[in-house]
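I have placed the structure first, in the form of structure tokens, so that the comments after it can refer back to it.
In what follows, chains are A, B, ... by sequence order, proteins preceding strands, each numbered from 1. Small disclaimer: the values here were computed from a predicted structure and weren't measured.
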Amino acid sequence: MAPIRASDWRKLPLSLTDLCIETTLRCGQSFRWRKIDDEWNCVLYGRLLSLKQDKHHLHYKVTSTNAIPPVLTPPVSAKGEPEADGDGVGVDVDDTESLLRHYFSLKIDLTALYNQWSKSDPNFRKKAPKFTGIRILNQDPWEALIAFICSSNNNISRISQMVHKLCKYYGPLVGHIGDEAFHDFPTPQALSGKKVEAHLRELGFGYRAKYIAETARLVCEEKPEGWLESLINPENPGWCKVVTPKAAEVPTYKHAHEQLLLLSGVGPKVADCVCLMGLGWGEAVPVDTHVWQIAQRDYKFGKIKSKTFSKAMYDSVGDHFRSIWGPYAGWAQSVLFTANLKSFSEQASAKAEVVDVKVKVKVEEVGDAAAVGPLPRTRKRRQVVVTEAVKIESNTSTETVRASKRTRKTMS
DNA sequence: CCGCCACCTTACGA
DNA sequence: ATCGTAAGGTGGC
């Protein structure tokens, strides 16, 4: 494909409270952005994109592309003025703006959300002012899936290296900046090769090599075309229209989560990461070790004896955060998660304030009515922990409520 | 269903 | 220095 000429910088009016790329691109959502000379660079949808931001604008340009069709397809009805460059053919109207609007979910009013979360949560109100402009990215679901499989029991630095290696060895080369090569993320087919697992092990992926190879093969060979995309939140469709197979069931967050759990190397946490950052389910709350610490320290979740928390505990944390933050709980979670990251600790000098919220935890059986979708093989009893936020006047007691537990068979 | 524990690798503190 | 531990967990008992 004929390379288009390097485009000039364009800009999008945007305040730092609407979006802060410095934070959003570094807080462990995407592991592919690289900062070079004050510009953030990444390949998205086959095009090498550069971003920089000042107080009032997000500046962007595309330096090279493998995109098919090329970036010249005019957007549906771009509100932005199509900076005519004078050749009059209209080929300078690119759709990169609409790509960015989608990637950063700019349709969402972030300031309104921050206000809402601050109103309903004293802890958020205290922590958030130093971490404004943090958005959930609309990433490619496949990339999110593989990247977060890499994230298990791992750190952001190494995850980034691993994702970079995947692109370098299995993704198409798109362009260079200086002497640095930029590849797109590899396709499922590219990661389905016979020797992938062994090669990834050589590259230092550890036990995740097997998960990646198995998941790639499953998606390629066992699932219909567009299966992963069929799990996308219909209210938040992908940027590229994908022909999805007839939805066997109404897409819901719960259904997407269940489906992802069937993949190799995907547990509840990774499934929620993919739901939130790849499939557009804003209510997904990935509960990792950091979020669990936050829940215990700032939201009075009781200490537990066991080293790892149970699935029921996992669900209870997510349910609790959804109850106080609402349908975009995952977005709020990422703000507090970032505030809690060590790499951002210089920003978070404030000490935790005692919050007048206490959580009562009790275990309760959930019936079939709440179970979503027919799980053919793994029909099993489900047990969840129900949480209840209770306002306490000035009581800072950390008394934990004894968990009561009942079991009931729900086999049919 | 709950609680352990092995699992790859790297970096950091004691 | 060598070791234990933690790092955005998952799968198998």
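The side chain of Thr289(A) places an N or O atom within less than 4.0 Å of a non-bridging phosphate oxygen (OP1 or OP2) of dA7(C).
What separates OH of Tyr207(A) from P of dC8(B) is a distance of 8 Å, to the nearest Å. Following rounding to the nearest Å, Leu145(A) (CG) and dT10(C) (P) show an atom-to-atom distance of 12 Å. The CE atom of Met162(A) sits 12 Å away from the C1' atom of dG9(C) (whole-angstrom rounding). Rounded to whole Å, atom P of dT10(C) lies 9 Å from atom CZ of Phe309(A). Distance Arg201(A) CZ to dC7(B) P: 10 Å, rounded to the nearest Å. Here dG4(C) presents its P atom at 15 Å from NZ of Lys307(A), a figure rounded to the nearest Å. Atom NZ of Lys311(A) and atom P of dT10(C) are 10 Å apart (whole Å). One interatomic measurement links the two molecules: OH of Tyr314(A) to P of dG11(C), which rounds to 13 Å at whole-angstrom precision.
Between atom CH2 of residue Trp281(A) and atom CG of residue Asn236(A) there is a gap of 9.5 Å, rounded to the nearest 0.5 Å.
Counting any heavy atom pair closer than 4.0 Å across all strands shown, Leu263(A) reaches sugar-phosphate atoms only and no base atom. If you check every strand for non-hydrogen atoms under 4.0 Å, Gln161(A) touches nothing. Counting non-hydrogen atoms under 4.0 angstrom, Cys150(A) reaches nothing in the nucleic acid. Using a 4.0 Å heavy-atom distance criterion, Val266(A) is classed as a sugar-phosphate-only contact. At a threshold of 4.0 angstrom between heavy atoms, the contacts of Val270(A) are confined to the sugar-phosphate backbone, with no base atom among them. Residue contacts shown for Ser264(A) are limited to sugar-phosphate atoms, with no base heavy atom under 4.0 Å away. Residue contacts for Phe337(A): at a heavy-atom cut-off of 4.0 Å it reaches a base atom on one of the strands shown.
Nearest nucleotide to the Ser310(A) side chain, out of dC2(B), dA7(C), dG9(C): dC2(B). Checked against dC7(B), dG8(C), dT10(C), the side chain of Pro286(A) finds its nearest nucleotide in dG8(C). Of the candidate nucleotides dC4(B), dC8(B), dG8(C), dC4(B) has the atom nearest to the side chain of Ser306(A). You'll find that the side chain of Asn153(A) is closest to dC7(B), out of dC2(B), dG11(C), dC7(B). Of the candidates dG3(B), dC8(B), dT10(C), the closest approach to any side-chain atom of Pro268(A) belongs to dT10(C). Nearest nucleotide to the side chain of Arg158(A), out of dG9(C), dC8(B), dG8(C): dC8(B). Of the candidates dG3(B), dG8(C), dT10(C), the closest approach to any side-chain atom of Ile156(A) belongs to dG8(C).
Of all heavy-atom pairs between Trp331(A) and Ser105(A), the closest is CH2-CB, 3.6 Å. Leu260(A) and Cys275(A) make their closest contact through CD1-SG, 3.9 Å (heavy atoms, listed as atom of the first residue, atom of the second, distance).
With a 3.5 Å ceiling on both atom-pair distances, dC8(B) lacks any Watson-Crick or G-U wobble partner. Across every strand in view, dC3(C) sits in a pair with dG13(B) that passes the Watson-Crick or G-U test at under 3.5 angstrom.
Taking atom P in both dT5(C) and dC5(B), the straight-line distance is 13 Å, to the nearest Å. Across dC8(B) and dC13(C), the matching P atoms stand 15 Å from one another, rounded to whole Å. On the P atoms, dA6(B) is 15 Å away from dA6(C), given to the nearest whole Å.
Nearest-nucleotide mapping onto DNA chain C: of Thr308(A) and Arg208(A), the residue sitting toward the 5' end is Arg208(A). Along DNA chain C, the nucleotide nearest His290(A) and the nucleotide nearest Gly265(A) are compared for position; the residue whose nucleotide lies closer to the 5' end is His290(A).
Glu222(A) contributes no side-chain N or O that, together with a main-chain N or O of Arg217(A), makes up a donor-acceptor pair within less than 3.5 Å. Of the possible polar contacts, none joining the Thr24(A) side chain to the Ile21(A) backbone as a donor-acceptor pair under 3.5 Å is found.
Neither side chain, Asp95(A) nor Ser98(A), offers a donor N or O lying under 3.5 Å from an acceptor on the other.
Within a 6.0 Å sphere centred on CG of Asp38(A), heavy atoms belonging to other residues, nucleotides or ligands number 12 at most.
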